[in-house]
Structure formats: structure tokens, C-alpha cells
Amino acid sequence: MKKFVLMFVIMFAASVGLQAQHGKVFDNLSMKSEILKMERKYAVYLPPDYETSERSYPVLYLLHGATDDHTGWVQFGEVLRITDAAIKDGTATPMIIVMPDADTGRMGYFNAGDWKYEDFFFEELMPHVEKKYRIKSEKRYRAVAGLSMGGGGSFMYALHHPELFSSACPLSAYIGPLTMKELEDRMKWYKEAYSKAELKTYFERHNVLELLETVPVADVKSVRWYIDCGDDDFLYEGNSLVHISMKKKEIPHEYRVRDGRHSWTYWREALPSVLEFVSDAFHQY
């Protein structure tokens, strides 16, 4: 009988140990937004030891691309499997990952006309999740990353608020309209009318190359940059121009051009490097 009890205890402990090795993803969370006047959904990854510890964690805001939503990185990016593995092998530190929805109501991460998504992100979403979860709120413990449209969001958010992020990792990023003509055509697609002055203001605030000319270089340098775009990606030009601009201004950054196109295969392969890169800052590299 004693042997049976001992074996049961060992098996139970082993089972608990195996469960503790896995993080958790919640992909149907929501919060009320007064700014956007609607419920907004988001997903969260919690590291393996979140429920068994009392510590606070660094946070990565991970942004999806156009036509996806907050479940994109969960379903197609396999964020649970990849992050668990990176934490287990020691290349990433335990962190909380927040994945907001930028596809409901209007697609995109920025303010445009009466749609104030960027205000929602910084004034409502960020305070909400950093209060709800045990998240360290200092700059050095906060990072942003994303793909395609979310890569553009990563660029813009870190350039608009360099005081908030220790690292930014745009993947296959849309760096903003390269010309005013491109912006005008894009707004026509949205079927929205803006004056020339409004378009100019939007262009200057939502084009990475323009921001690199106006944001103080010291502020840009205060963020660690990891830029990754495939050699067959249709957004290669903008990312290449950002790399050249940063080199000319002597802004430290990692620039990767790997074999691949604009695809989830490429971004899944990029995620471990992103997790390692942001962890370096979290660890005081």
C-alpha cells in the first residue's frame, strides 16, 4: 500500500511538473473602450510560472498584420509553442505577451479622422493590461513587435513614444506611404476625404523615413531596433530605405534579410529571434 501511495505521489508530482512547463494563452479577452466607443478584444500569453509565482514580468506587445486580428499570432504564429520553447531553452526570459485586435471597426493601429486607435492603445489598453496582470511598467521592461501592418505599428509606436519601449522589432513592416500620391490613393480606398493639409500631417507622422528626420536621434537611439524582411517580400524597398537611413545617422540596429516572402512561415521563424532580442534588454544586456 505504501509503495502504491508513493508511486501515486511521484506520478502526481511529475504531472504537475509537466503542466508547469507550459504557458497559457487567453485569446477571447475584452475591455471597454471609451475612446473607440466599443468593446475591444485582445489575447494574452502568460509564461509557465505565472500562476505559481508572485513576481512581475516584462511585457511584449505583439501586433498582427492586415486582415488578421488578435488571434493571428495565436493561431498562425504559434506564439504559445514558440515562446514556451524559447523560455525552456533559456534564449528568452519569462514574459507576458499582449496581442491586441486592430481589425474591428476599422483596420489599423493609428489615429485617422475620428478613429483614434493609437490613443486607445496608449491611454486605455496599455494601462488596462498593465494593471490587470503583474507587468513591470518601466521602459526597460516593455517591448513592441509586429508583422506587416503590425510591423508598421511597431515602428510608429516606438518612434512616437521612445520613452516607453526598450526594444522594437518590426517584421516585414509596412513603413508607411512612400509618397503623398500613395497616401492619397490609400485614403480614396477607405472612401474618406481629407484636406491636403491633413494628408500632409498624416504623412509626416506615419512614414518612418519622415520620422527619422524629425524625431531626435538620441530618442531613436534609446530604443533597440531589430528589423527583419525577407528577400522576396514586396515590402523590401521601404525596409531597405529605413536601414540605409539609420546607417547614415549612425543609429544602432540589427537588420536581417533572410530567404523568404511575406508569409507566416517567415514570421514563425522570426519569432524566436525577436524573443531573444527583447529578452536581452529585459536582462540588462
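Heavy-atom minimum distance, G77 versus I82: O-CD1, 3.3 Å. Nearest heavy-atom pair across K132 and L29 is NZ-CD2, 4.3 Å. Contact detail for A173 and G152: the closest heavy-atom pair is CB-N, 3.8 Å. Taking both residues in full, the closest heavy atoms of E182 and P177 are given as OE2-CA, 3.4 Å, listed atom of the first, atom of the second, then distance. Of all non-hydrogen atoms in Y266 and R256, the two that sit nearest each other are OH-O, 4.4 Å. Shown here for Y117 and P100, the closest heavy-atom pair between the two residues is OH-CB, 3.6 Å.
Taking the side-chain contact (heavy atoms from CB on, under 4.5 Å) definition, one finds that E34 meets it with K32, E124, sequence neighbours left out. Take D69 and apply the side-chain contact (heavy atoms from CB on, under 4.5 Å) test, not counting sequence neighbours, and it matches T71, D101, D103. The salt bridge (charged side-chain N to carboxylate O under 4.0 Å, His left out) check on R81 picks up E78, with sequence neighbours excluded. Taking R140 as the reference, nothing meets the side chain to side chain donor-acceptor pair (under 3.5 Å) condition, with sequence neighbours excluded.
With respect to R142 and E138, no salt bridge is recorded, no charged nitrogen being found less than 4.0 Å from a carboxylate O. A salt bridge links K196 to E184: at least one charged side-chain nitrogen sits closer than 4.0 Å to a carboxylate oxygen.
Between D49 and Y57, the side chains place a donor N or O and an acceptor N or O closer than 3.5 Å (distance only, hydrogens not considered). Inspection of the S167 and R224 side chains reveals an N or O donor paired with an N or O acceptor under 3.5 Å. With hydrogens and angles left out, the side-chain atoms of Y133 and S56 include no donor and acceptor closer than 3.5 Å.
Open room surrounds CG on D114; 12 or fewer heavy atoms of other groups in view lie less than 6.0 Å from it. The environment of CD in E51 is sparse: at most 12 heavy-atom neighbours from other residues, nucleotides or ligands sit within 6.0 Å.
Note: H206 and F110 have tilted aromatic rings, judged against thresholds of 30 and 60 degrees for the angle between ring planes.
In this structure, CD1 on I87 lies 7.5 Å from OG1 on T93, to the nearest 0.5 angstrom. Taken to the nearest 0.5 Å, the CD atom of Q75 stands 10.0 Å off from the CH2 atom of W264. Of the inter-residue distances, the one linking I227 atom CD1 with E254 atom CD reads 9.5 Å to the nearest 0.5 angstrom. For the atom pair OH (Y226) and CD (E276), the distance works out to 8.5 Å, reported to the nearest 0.5 Å. One finds the CG atom of L60 at 10.5 Å from the CD1 atom of I135 (value rounded to the nearest 0.5 Å). Considering CG of L46 and OG1 of T83, their distance stands at 11.5 Å, rounded to 0.5 Å.
Contact of the N207 side chain with the F155 side chain is not registered, since no non-hydrogen atoms from C-beta on lie closer than 4.5 Å. Within the 4.5 Å cutoff, the side chain of S222 has heavy atoms near those of the K139 side chain. Within the 4.5 Å cutoff, no side-chain heavy atoms of V59 are placed close to those of Y141. Side-chain atoms of Y109 and M156, non-hydrogen and from C-beta on, never get closer than 4.5 Å to each other. The side-chain heavy atoms of V98 and L62, taken from C-beta on, include no pair separated by under 4.5 Å. Taking the side chain as every heavy atom from C-beta outward, D228 and C169 never approach each other to under 4.5 Å. Residues R205 and T201 have side chains not in contact (no heavy-atom distance under 4.5 Å, counting atoms from C-beta outward). A 4.5 Å side-chain heavy-atom check between Y236 and D231 finds every atom pair outside the cut-off.
In this structure, F121 has its ring center closer than 6.0 angstrom to the ring center of Y157. Aromatic ring centres of H70 and Y42: separated by at least 6.0 Å.
The same ILVMFWY cluster, assembled from side-chain heavy atoms under 4.5 Å apart, contains both V144 and L125. There is no path of hydrophobic side-chain contacts, each under 4.5 Å, that joins F277 to Y255. There is a path of hydrophobic side-chain contacts, each under 4.5 Å, that joins L183 to Y194. When the side chains of ILVMFWY residues are joined at heavy-atom separations under 4.5 Å, either directly or via intervening members, L63 and I35 end up in a single hydrophobic cluster. V278 and L171 fall within a single hydrophobic cluster, where Ile, Leu, Val, Met, Phe, Trp and Tyr side chains are chained together by heavy-atom contacts under 4.5 Å.
Of the possible donor and acceptor atoms, none in the side chain of S279 sits under 3.5 Å from a partner among the backbone N and O of F282. Checking side-chain atoms of W267 against main-chain N and O of T265 turns up no donor-acceptor pair under 3.5 Å. Distance alone, capped at 3.5 Å, places no donor-acceptor pair between the R40 side chain and the M31 backbone. N111 places a side-chain N or O within 3.5 Å of a backbone atom of E118 that can act as its donor or acceptor partner. Checked by atom type and distance alone, the side chain of E198 pairs as donor or acceptor with a backbone atom of S195 at under 3.5 Å. In this structure a side-chain-to-backbone donor-acceptor pair under 3.5 Å is missing from R106 to K116. Under the 3.5 Å distance criterion, the side-chain polar atoms of W115 are left unmatched by any main-chain donor or acceptor of L36. Remark: side-chain polar atoms of W73 are not paired, donor with acceptor, to backbone N or O of M99 under 3.5 angstrom. Judged purely by atom type and a 3.5 angstrom limit, S154 uses its side chain to pair as donor or acceptor with the backbone of G146.
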Steps toward side-chain contact (heavy atoms from CB on, under 4.5 Å) verdict (Y61, V129): CA-CA 11 Å; Y61 289 90; V129 296; 3.4 Å; yes
Check against side-chain contact (heavy atoms from CB on, under 4.5 Å), D232 and D259: CA-CA 7 Å; D232 293 319; D259 180 33; 4.1 Å; yes
L147/H64 under side-chain contact (heavy atoms from CB on, under 4.5 Å): CA gap, chis, key distance, verdict: CA-CA 6 Å; L147 66 91; H64 65 77; 5.7 Å; no
Begin with the C-alpha distance, continue with both residues' side-chain angles, and end with the deciding distance and a verdict on side-chain contact (heavy atoms from CB on, under 4.5 Å) for E269 and L271. CA-CA 6 Å; E269 292 174 352; L271 186 56; over 6 Å; no
Donor-acceptor pairs under 3.5 Å, side chain of residues 242-250 to any protein atom, not counting sequence neighbours: which ones?
residue : atom : partner : partner atom : Å
H243    : ND1  : H253    : NE2          : 2.8
K249    : NZ   : E213    : OE2          : 3.4

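Grouped by direct or indirect side-chain proximity (heavy atoms under 4.5 Å, Ile/Leu/Val/Met/Phe/Trp/Tyr only), L235 sits with Y174, F234.
For the pair R268 and F76, the cation-pi test (distance below 6.0 Å, angle within 45°) is failed.
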